[in-house]
Amino acid sequence: MVMFLAITAALFVAVLLVLVRLFVGPTLYDRVLAVNTFGTLTVLILSSLGFVTERPDFLDIAMLYALINFVSTIAILKFFRYRTFGRTTASQEEA
Amino acid sequence: MTANVIGIAIIDILLFTFLVITAIAIVRVRNLFAVAMLAGVFSLLSAGLFVTLDAMDVAFTEAAVGAGISTVLMLGTLALTVREEKPPSHSVFLPLLVCLVTGAALIYGTLDMPPFGAADNPIQTHVAPEYLQRTPEEIGIPNVVAAVLASYRGFDTMGEVFVVFAALVGVLLLLGASHPKRDDDVADREKE
């Protein structure tokens, strides 16, 4: 139990560092990376939280968060590349 | 068990602290792309709070809608407008006052709420035992929340699905009808 609490504390320190990067991050890519890392850390915190509260069924939710995180990162990067979410086939041919 | 409760309390406090920091940053930062990212982080943090409150389904909806779809929609909007917010032309004190008064009213409203998680709260003694008792016989599935949503309130859920579908179609029409992409835009993007 104490071990899981220590893990959660370490994860919160990491979240703090990521938030700092998100606030000051000079380029946009720093911020995209910070958001992606934040999502990963949320998944890890949820997993350790499941063991702290002695109900590891939180793990399914954590996995679904991981999937959402992946999809939204892809969407953000796609927005960077093509500036829009629709009409990608034409843009891809141009690029 | 005590270490458990204290641990959860500390986690709650940390999540709330990060939530407040993120909210202040959303107000202060002028780069709208960073604000969209921060809003996603805000949503993930509130989803974490819902998890510590044992509201799994709410947490999952918050993460899917707030962190997933909303970020994408805000970025789609950002593609149609400028990237920097203009500095406010009016004083900040009136909005601040409105926020403080609203917040004080909300906190005042929580004062006479029943204690969190107590067994004799009105929500535990009204219709909840009925559902818990009847679901295994009438519906025959172990998840009572799913039974209430999909069977007891089936028409309500169907109406919600229609609303979400109409909203989705509207957004797709709005985003698909405009195509602001020009060649120099793509070149700009690559330079950044």
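Please read these numbers as outputs of a predicted model, since none were measured by experiment. Each chain gets a letter, A, B and so on, in the order its sequence line appears, and its residues count up from 1.
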Checklist entry - Is it the side chain or the backbone of B/F33 that comes within 4.5 Å of chain A heavy atoms, both, or neither? => result side chain

Checklist entry - Quick one: of B/I11, B/L15, B/V29, B/T17, who has the most non-hydrogen atom pairs under 4.5 Å with chain A? => result B/I11

Checklist entry - Sub-3.5 Å donor-acceptor pair from the side chain of B/T22 to the main-chain atoms of B/F18, do we have one? => result yes

Checklist entry - Heavy-atom distance under 4.5 Å to chain A: side chain of B/A36, backbone, both or neither? => result neither

Checklist entry - Which one, B/L45, B/I69, B/I10, B/L44, leads in non-hydrogen pairs under 4.5 Å with chain A? => result B/L44

Item to check | side-chain contact (heavy atoms from CB on, under 4.5 Å) evaluation trace for B/V41 with A/V35 | outcome: CA-CA 7 Å; B/V41 166; A/V35 169; 4.3 Å; yes

Checklist entry - Is it true that a side-chain atom of A/R31 and a backbone atom of A/F23 form a donor plus acceptor pair closer than 3.5 Å? => result yes

Next on the checklist: Tell me whether A/S48 contacts the main-chain N or O of A/T8 through its side chain, where contact means a donor paired with an acceptor under 3.5 Å.
Outcome noted: no

Item to check | A/L16 versus chain B, the contacting section by heavy-atom distance below 4.5 Å | outcome: both

Checklist entry - Can you check whether B/L49's main-chain N or O pairs, donor with acceptor, with B/T52's side chain at less than 3.5 Å? => result yes

